[in-house]
Peer 1: 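Submitted below is the structure of interest, expressed as structure tokens.
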Amino acid sequence: FAPETHGVIGNAGEDFFHGPGINNWTFGMYKDTKITETTKVELRFEFFNFFNHTQFTNVGGDINSSTFGRATSARDPRLIQLAAKFYF
């Protein structure tokens, strides 16, 4: 066996390496409250990335880059959305 020349493409299959996985849970709940026979209020709570897991973006893939093989950023943290609707 001889070491490969730096920068030469080897014989590995295409897309053999995958970036970090995503562990993303979305949770939502709502409550309808009747005011009269024809009117009601709906309160809605929605959570994105409910457990607030860190989700890194894909690692640098350019072999000539200084960030090759490093995860340098992350996706959004937990997001909470609140809403209220009035039906009449």
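Sequence positions, counted from 1, serve as the residue numbers for this chain. Bear in mind that the values here come from a model prediction, so they are computed numbers and not experimental data.
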Peer 1: Which residues pass the side chain to side chain contact (heavy atoms under 4.5 Å, CB included) test with T36, not counting sequence neighbours?
Peer 2: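 Partners of T36 under the side chain to side chain contact (heavy atoms under 4.5 Å, CB included) test: T38, T39.
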Peer 1: Using the side chain to side chain contact (heavy atoms under 4.5 Å, CB included) rule, take L43 and T33 through it: C-alpha gap first, then chi angles, then the decisive distance, then the call.
Peer 2: CA-CA 8 Å; L43 297 175; T33 305; 5.7 Å; no
Peer 1: Side-chain atoms of residues 22-30: list all donor-acceptor pairs with protein atoms under 3.5 Å, sequence neighbours left out, distances to 0.1 Å.
Peer 2:
| unit_1 | atom_1 | unit_2 | atom_2 | d |
| --- | --- | --- | --- | --- |
| N23 | OD1 | W25 | NE1 | 3.1 |
| N24 | OD1 | N49 | N | 3.2 |

Peer 1: Among residues two or more places apart or on two chains, list those pairs meeting salt bridge (charged side-chain N to carboxylate O under 4.0 Å, His left out) that have a residue in residues 25-36.
Peer 2: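 Found D32-K40.
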Peer 1: Identify all side-chain donor-acceptor contacts of residues 70-88 below 3.5 Å with residues at least two apart in sequence or on another chain.
Peer 2:
| unit_1 | atom_1 | unit_2 | atom_2 | d |
| --- | --- | --- | --- | --- |
| S73 | OG | T57 | OG1 | 2.8 |
| R75 | NH1 | F56 | O | 2.9 |
| R78 | NE | F50 | O | 3.0 |
| R78 | NH2 | F50 | O | 3.3 |
| Q81 | NE2 | E46 | OE1 | 2.7 |

